[in-house]
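Beneath this line is the structure, given in structure tokens, with notes to follow.
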Amino acid sequence: MEPTPPTAQEHFRAILRDRVAPELRRLGLRGSGQAYTLPDDDHFAQIGIQKSDSSSREAVKFTMNLSVVPKAAWAELAREQSWRGARPSANQHASTPGAWQVRIGHLLPPRVDQWWTVTRDADPRAVADVVVDAIRDYGLPAMRSAIAGRAEEDGYPGTVRPSPPGAPGLDLAEFARGLSAAMPGAEVEVVRVGDEDD
């Protein structure tokens, strides 16, 4: 009797464990499975590999989320809302001042949401290459730029949670110019929280 072939879920986990994780560690990341961090003293710089709820035994659909969150801002938020835990998750929106988040597809040409599918007979090398190449060539440069507070200035899209008034960092006019440059033809309007219509 022949052994039962692995499910797509089992195959996906094995690809992450045996091929993706070792390569990401070589790039300086820490972690395993679906969660990795880029060590930084002042930020939680994280990569989360997110599986779609529609994944099954036959196919796993996945994408990658990148997140850079200032540790001090997160600690303050966690003190006020203890249910948030000691660190954010890359796969959840961080409503933290100064946070930057993006899904990897918005960094890859042509900058649209990107999901990949792994079937039970997918080539492990091809899947690992997609993940590692995207993170090495697009994800890590964007994360390092976000850590330096330059993501928008350097042309990287992403959701930025504005810092509190008086905090160093986000210049709204510069942010709007960068967003317009990143999305030609789009109308960009920056509205300050608390501004009221005349």
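Counting begins at 1 with the first residue of the sequence.
Taking OG of Ser67 as the reference point, atom CE of Met143 lies at 7.5 Å (rounded to 0.5 Å). Atom OH of residue Tyr156 and atom CZ of residue Arg111 lie 8.5 Å apart, to the nearest 0.5 angstrom. Taken from OG1 in Thr63 to NE2 in His106, the straight-line distance is 8.0 Å, to the nearest 0.5 Å. Note that CG of Leu38 is 7.5 Å distant from CD1 of Ile47, once rounded to the nearest 0.5 Å.
Residues Ser145 and Glu152 are not in side-chain contact: their nearest non-hydrogen atoms beyond the backbone lie 4.5 Å or more apart. For the pair Gln34/Leu16, a side-chain contact is recorded, criterion being any heavy-atom separation below 4.5 Å from C-beta on. In this structure, the side chains of Asn65 and Ile49 stay at 4.5 Å or more apart for every pair of heavy atoms. The shortest distance between side-chain heavy atoms of Ser32 and Arg17 does not fall below 4.5 Å. Residues Gln101 and His93 meet the side-chain proximity criterion, which asks for heavy atoms closer than 4.5 Å. When side chains are defined from C-beta on, Ile135 does not count as touching Tyr36, because their heavy atoms never get closer than 4.5 Å. Contact check for Arg120 versus Pro6: no side-chain heavy atoms found under the 4.5 Å cut-off. Residues His11 and Val118 are in side-chain contact: their nearest non-hydrogen atoms beyond the backbone lie under 4.5 Å apart.
A single hydrophobic cluster is not seen to contain both Phe44 and Val68; linkage of ILVMFWY side chains at heavy-atom distances under 4.5 Å, directly or through other members, places them apart. Cluster annotation: Tyr138 is connected to Val130 through the hydrophobic network of ILVMFWY side chains, with a link wherever side-chain heavy atoms come within less than 4.5 Å. Cluster membership for Val102 and Trp74, using ILVMFWY side-chain heavy atoms within less than 4.5 angstrom, is not shared. When the side chains of ILVMFWY residues are joined at heavy-atom separations under 4.5 Å, either directly or via intervening members, Leu29 and Val20 end up in a single hydrophobic cluster.
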**OP:** Go through the steps to decide whether Arg84 and Ser95 satisfy the test side-chain hydrogen bond (donor to acceptor under 3.5 Å, both in side chains), and finish with yes or no.
**Re:** CA-CA 11 Å; Arg84 289 189 176 271; Ser95 54; 3.0 Å; yes
**OP:** For side-chain contact (heavy atoms from CB on, under 4.5 Å), just list the numbers for Lys61 and Lys51, CA-CA rounded to whole Å, side-chain angles, deciding distance to a tenth of an Å, and then say yes or no.
**Re:** CA-CA 6 Å; Lys61 188 175 175 184; Lys51 291 192 300 185; over 6 Å; no
Original post:
Does the side-chain contact (heavy atoms from CB on, under 4.5 Å) test come out yes or no for Leu66 and Ile104, once each step is laid out?
Top reply: CA-CA 7 Å; Leu66 312 180; Ile104 193 81; 4.0 Å; yes
**OP:** Assess whether side-chain contact (heavy atoms from CB on, under 4.5 Å) is satisfied between Trp115 and Met64, documenting all intermediate values.
**Re:** CA-CA 8 Å; Trp115 291 76; Met64 293 173 276; over 6 Å; no
**OP:** Run the numbers on Asn91 and Ser89 for side-chain hydrogen bond (donor to acceptor under 3.5 Å, both in side chains), then give the verdict.
**Re:** CA-CA 5 Å; Asn91 290 336; Ser89 165; 4.9 Å; no
Subject >> Trace of the side-chain contact (heavy atoms from CB on, under 4.5 Å) decision for Arg144 with Leu140 >> reply: CA-CA 6 Å; Arg144 289 186 176 111; Leu140 287 176; 3.6 Å; yes
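Heavy-atom minimum distance, Trp100 versus Ala142: CH2-CB, 3.7 Å. Scanning both residues, Gly139 and Leu107, for their nearest heavy atoms gives CA-CD1, 4.1 Å. Residue Ala59 comes nearest to Ala8 through the heavy atom pair N-CB, 3.4 Å, listed as atom of the first residue, atom of the second, then distance. The nearest pair of heavy atoms linking Ile147 to His43 is O-CE1, 3.5 Å. A pairwise comparison of heavy atoms in Gln114 and Gly105 identifies CB-CA, 3.7 Å as the closest pair.
Not one N or O on the side chain of Thr96 forms a donor-acceptor pair closer than 3.5 Å with the backbone of Ala99. Here the side chain of Glu58 pairs no donor or acceptor atom with the backbone of Thr119 at under 3.5 angstrom. Side-chain atoms of Gln46 come within 3.5 Å of backbone atoms of Pro88 as a donor-acceptor pair (strictly under, hydrogens ignored). At least one donor-acceptor pair closer than 3.5 Å links the side chain of Ser55 to the backbone N or O of Ser52.
We find that Lys71 and Asp42 are not joined by a salt bridge, their nearest charged nitrogen and carboxylate oxygen being 4.0 Å or further apart.
The neighbour count for Arg57 CZ, taken as heavy atoms of other residues, nucleotides or ligands under 6.0 Å away, does not exceed 12.
For Asp133, the salt bridge (Lys or Arg N to Asp or Glu O under 4.0 Å) partners two or more places apart in sequence, or in a different chain, are Arg136.
Using a 30° and 60° split on the angle between ring planes, Phe12 and Phe62 fall in the tilted class, from 30° to 60°.
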